[in-house]
Enquirer: 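Would you mind keeping the following structure in view while I ask a few things?
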Amino acid sequence: MARLGRIIRNFDWARSVALGLLALLLLVRSWDHEFVQTFRHQAFDLYQQLHPRDPGQYPITIIDVDDRSIEEVGQWPWPRTVFADLVTKATQAGAVAIAFDIIFADPDRLSPEVIAEDNPRLPPEVRTALRSLPNSDEVLAEALSRARVIVGETSIRTAEVQLANRAEGPKVEYAFLGPDPRPAMLNFPDLVQNLPKIDAKASGRGIFTVRPDSDGVFRRVPLVMSVQDQIRLGLSVELLRVATGGGAFAIKSNEAGIEGVVVARQLVETSSDGRVWPHFAPSSRARFVSAGDVLMGRLPPNRLAGQLVFVGTSAIGLEDFRATPLGVPMPGVEIHAQVLENILGKTMLERPAQIYGAELVATGAMGLLLIGLMPLLGASWTLLATIVLLGGYVGGSYYLFVEQGTLLDPTYPAFTVILIAIFLATINYLREERQRRQIRGAFGQYVSPDLVNQLSENPDRLILGGERRPLSILFSDVRGFTTISESYKDNPAGLTLLMNRFLTVLSDAILHHGGTIDKFMGDAVMAFWNAPLDHPDHVRSACLAALKMLRDVETLNEERLAGAEEGELVHRIDVGIGINTGDCVVGNMGSDTRFDYTALGDAVNLASRLEGQSKTYGVGIILGGDTAAGVKDSLAVLELDLIRVKGKTEPAQVFGLFGDKTLRESAAFQELARLNAAMIAAYRGQEWARAEHLLDEMEGAAEATNIRLDTYLTLYRARLAEIRENPVGPDWDGVFTATSK
């Protein structure tokens, strides 16, 4: 009950907006716009590319009118007598049934009597001889009558196309096992059919029309269609029907649409509109035999025996290649062959009607879970929860594809979860920034006691203006402030108390070493030395203050942990510090009614950038070159890098401050400093192997000094690995460009 109450208290306007966003996204998914479908289909394509179907061994062969056949037999289109010969020889070779992915819609222009009529200048005896020869279309029809042949038909997509009247071929008996499925199936206004004399002799008629999806990819193939209220089968399933005796077929349906087609005593499940999702195997020449080899009798014995044969073309000039989910085009006839392979092997992919509801439920459930978890877990754990949710769902989707052939959309639920996570994270970020501004407003009134004393003695200094003088500037910031602030969502007073304690620790360290606190910026502090009062040893004092800040913050962490109640989560406070030394303008700056005593200048900007690099190198205190030069003989300092910070064009040397004089004079640190200097020299001298060897030695030396250099060493190892992949040129200057502040 307590947890439920916490959820209710944290259910603010942002969560209400997130709920509205989730509802809108679910509505868009219900609409299922073509844009949404495209991403879903491309994900399914990726699945097929990662896990294509095993081609297997099926009694299916394609007689291919390929480029070699055209070169050998003659230019396209071939005379119908050639196709008659092809049918006869394929049948004699043992083909069970033959399906044409080619249509014979017009009379053969190469028929002998047509040639005689089109060439009146031929000698009369030649024309008479031509007229006495059999008509080519009749020769083909006669060949069809002696074999089981399915002629191909293609649909037209608009009733505006006017076709000549065609003689109706024999009708195939069919039955409906359920409600009338015709309203659900694909409907075409008319067909382009074969010549009546050819159509009449065929054993079957199959439609080879395959509609691509909106992106031009052929993913789904209709098994059954409606043409002027007549039910027609697709080419592949019609071939199976004829090959198994040519009996009637049935369509199983329910109120949602079509469930499947019953043919050859088996149910082939389809989508509600009568289409199937074939699981594609890679295109294989093993499926093909050349039409030229069939015509010339060059086939191996029994190559076509017992085979279901498709006749189509892969010739480049005939342009019958289709884009497929595998990312590579394949001949249209091979798509039909793969459909038949899926039917025989029962490997067809499934996307049942109820899966749409399952996807909506999954999308809503994950969205609600994320919205509910964000107030409880905070940013980091919510990110982890998001990754787990998405990984589990997408992994489950891929598992269903591989193990069951079920297509579960991985894209839209993932998109919804990511969008909601981004929205909530943005709201949290804005809330955090608002908290920072509130803290700035509260603590910005406080100035250093030194400034107060000086202004008390000299009130005339309360004027705008400034002076130029060398300063040592310090910036500090808390790492992971988001996580800390979110843990106090229900206790703003506790956050204020913590920040007071924390900033007091930093302030005391700064003031103890004679610094001036310029401003508090939320959890960040800016301070400087050598103004408003002269401070001759300002460089060393700034560094000693930074070391004390780290020690005192660690003490604060220990006190908080010791004072925590049992089971209370205590977030550790880690501080990054940057110090730089240089000439600045310092003084009272602002308007006539409100101003602050502050410092401006390039050295200030660089100090701020150096603080941001402490996380990059995993070093608590980062020093600029002039600061390091002032303390390198008295404090434990190591050079880290030569970088070009964001907003600067000139590179700057950066150093790490690790301890006081005692550490510096220890033998272990002296060895570490020697190895580090040698590693830096080897790196800048492009001696990559030596640099990597020295990094390994530094790892042990760092452990001996109790200095953590894991991030620093890992950073250089990553750079060396990148350089091996992308070698630098001889003019490389060894400068690293920092991309973040």
Side-chain angles (χ1 to χ4, degrees), residues 470 472-474 476 505-506 508-515 527 529-530 535-555 557-558 574-582 607 610-611 613-614 617-642 652-684 690-691 693-716:
S472 290
I473 309 100
L474 178 149
S476 75
V505 167
L506 301 189
D508 290 346
I510 293 168
L511 299 178
H512 179 77
H513 287 280
W529 281 257
N530 203 35
H535 194 130
D537 199 17
H538 59 87
V539 176
R540 187 169 185 273
S541 293
C543 292
L544 291 175
L547 290 171
K548 179 173 174 56
M549 288 165 68
L550 292 187
R551 291 195 303 269
D552 292 351
V553 168
E554 185 60 33
T555 301
N557 283 327
E558 294 172 358
D574 290 311
V575 178
I577 299 172
I579 304 175
N580 189 43
T581 301
L610 293 179
E611 178 275 319
Q613 295 304 310
S614 67
Y617 295 93
V619 175
I621 305 171
I622 302 290
L623 307 181
D626 291 340
T627 307
V631 297
K632 65 181 181 180
D633 295 328
S634 59
L635 300 177
V637 175
L638 296 177
E639 182 179 359
L640 300 178
D641 210 350
L642 184 63
Q653 275 185 296
V654 294
F655 298 78
L657 175 61
F658 298 92
D660 56 14
K661 185 175 183 179
T662 302
L663 177 62
R664 180 190 179 279
E665 293 177 351
S666 68
F669 183 83
Q670 292 292 327
E671 175 62 11
L672 178 62
R674 182 190 69 79
L675 292 172
N676 183 69
M679 187 277 293
I680 293 288
Y683 173 77
R684 292 174 184 163
R690 174 171 168 75
H693 175 72
L694 289 167
L695 286 171
D696 294 337
E697 291 190 40
M698 286 179 63
E699 194 165 7
E703 291 179 0
T705 60
N706 289 324
I707 294 176
R708 295 187 61 85
L709 291 180
D710 300 350
T711 303
Y712 173 65
L713 299 177
T714 300
L715 182 146
Y716 269 95

Enquirer: Which heavy-atom pair separates Ser634 from Arg540 by the least distance, and what is that distance?
Expert: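 Closest approach of Ser634 to Arg540, heavy atoms only: OG-NE, 3.9 Å.
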Enquirer: Supply the atom-to-atom distance Asn706 CG to Phe658 CZ, rounded to the nearest 0.5 angstrom.
Expert: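 These two atoms lie 13.0 Å from each other.
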Enquirer: Can you tell me how far CD of Glu703 sits from CZ of Arg708, rounded to the nearest 0.5 angstrom?
Expert: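 Taking CZ in Arg708 and CD in Glu703, the distance rounds to 9.5 Å.
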Enquirer: Between Asp633 and Arg664, is there a side-chain heavy-atom distance shorter than 4.5 Å?
Expert: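 Result yes, sub-4.5 Å side-chain heavy-atom pair found.
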Enquirer: Do Met679 and Arg690 have side-chain heavy atoms sitting under 4.5 Å apart?
Expert: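 The answer is no, as the side chains (C-beta and beyond) never meet within the 4.5 Å cut-off.
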Enquirer: Side-chain contact test, heavy atoms from C-beta onward, threshold under 4.5 Å: evaluate it for Thr581 versus His538 and give yes or no.
Expert: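 When only atoms from C-beta onward are counted, His538 and Thr581 do touch, with a gap below 4.5 Å.
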Enquirer: State, to 0.1 Å, how close Ser472 and Ala542 come at their nearest heavy-atom pair, and which atoms those are.
Expert: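 Smallest heavy-atom distance, with atoms named: CB-CB, 4.0 Å.
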Enquirer: Between Leu635 and Gly659, what is the shortest heavy-atom contact and its length?
Expert: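 Heavy atoms only, the tightest pair is CB-O, 3.6 Å.
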Enquirer: Does some side-chain heavy atom of Leu672 sit less than 4.5 Å from a side-chain heavy atom of Met698?
Expert: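 Counting from C-beta outward, Met698 and Leu672 do come under 4.5 Å.
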Enquirer: Would you indicate whether the side-chain heavy atoms of Arg551 and Thr555 approach each other to under 4.5 Å?
Expert: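 Answer no - side chains too far apart.
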Enquirer: Work out which heavy atom in Ala546 is nearest to a heavy atom in Ile579; give both atom names and the distance.
Expert: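 Smallest interatomic distance, heavy atoms only, reads CB-CD1, 3.7 Å.
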Enquirer: May I ask you to decide whether Arg674 forms a salt bridge with Glu671, counting only side-chain N to carboxylate O separations under 4.0 Å?
Expert: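 Glu671 and Arg674: salt-bridged.
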Enquirer: Roughly how far, to the nearest 0.5 Å, is the CG atom of Asp626 from the CZ atom of Phe655?
Expert: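 Nearest 0.5 Å value for the CZ-CG distance: 9.5 Å.
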Enquirer: The test is side chain to side chain contact (heavy atoms under 4.5 Å, CB included); show your working for Ile577 and Leu474 and say whether it passes.
Expert: CA-CA 7 Å; Ile577 299 172; Leu474 178 149; 3.8 Å; yes
Enquirer: Please report the interatomic distance CG(Leu709) to CG(Leu638), rounded to the nearest 0.5 Å.
Expert: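 If I round to the nearest 0.5 Å, the distance is 7.0 Å.
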Enquirer: Do Tyr716 and Asp641 meet the criterion of a side-chain donor-acceptor pair at a distance under 3.5 Å?
Expert: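 Yes, because at least one side-chain N or O of Tyr716 sits under 3.5 Å from a partner of the opposite role on Asp641.
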Enquirer: Side chains of Ile707 and Leu663, heavy atoms from C-beta outward: is any pair under 4.5 Å?
Expert: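 They are in contact (side-chain heavy atoms under 4.5 Å apart), so the answer is yes.
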Enquirer: Quick one: NE2 on His535 to OG on Ser541, what's the gap to the nearest 0.5 Å?
Expert: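 It is 3.0 Å, given to the nearest 0.5 Å.
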Enquirer: Distance from Leu623 atom CG to Leu610 atom CG, nearest 0.5 Å?
Expert: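 Between atom CG of Leu623 and atom CG of Leu610 there are 8.0 Å.
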Enquirer: Please report the C-alpha distance between Cys543 and Thr627 in whole Å, then the side-chain angles of each, then the deciding distance to 0.1 Å, and finally whether the side chain to side chain contact (heavy atoms under 4.5 Å, CB included) criterion is met.
Expert: CA-CA 8 Å; Cys543 292; Thr627 307; 3.8 Å; yes
Enquirer: Would you say Asn530's side chain and Pro470's backbone share a donor-acceptor pair under 3.5 angstrom?
Expert: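 Indeed, once roles are kept as given, a pair shorter than 3.5 Å links the two residues.
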Enquirer: Tell me whether Arg684 at atom CZ has more than 12 heavy atoms from other residues, nucleotides or ligands lying less than 6.0 Å away.
Expert: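 Counting other residues, nucleotides and ligands, CZ of Arg684 exceeds 12 neighbours.
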Enquirer: When you compare the side chain of Asp537 with that of Trp529, does any pair of heavy atoms fall below 4.5 Å?
Expert: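 No, side chains not in contact.
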Enquirer: Kindly give the heavy-atom pair with the smallest separation between Ser614 and Gly576, and that separation in Å.
Expert: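 Residues Ser614 and Gly576, closest heavy atoms: OG-CA, 3.4 Å.
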Enquirer: Does Val553 reach the side chain of Val505, with side-chain heavy atoms less than 4.5 Å apart?
Expert: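 A side-chain contact exists here, since the closest heavy-atom pair is under 4.5 Å.
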Enquirer: If every non-hydrogen atom of Ala545 is compared with every non-hydrogen atom of Ala509, which pair is closest and at what distance?
Expert: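 Answer, listing the atom of Ala545 first, then Ala509: CB-O, 3.7 Å.
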Enquirer: Using atom types as modelled and distance alone, determine if a side-chain donor or acceptor of Asp660 lies under 3.5 Å from a backbone N or O of Leu544.
Expert: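 Here the side-chain-to-backbone pair does not exist.
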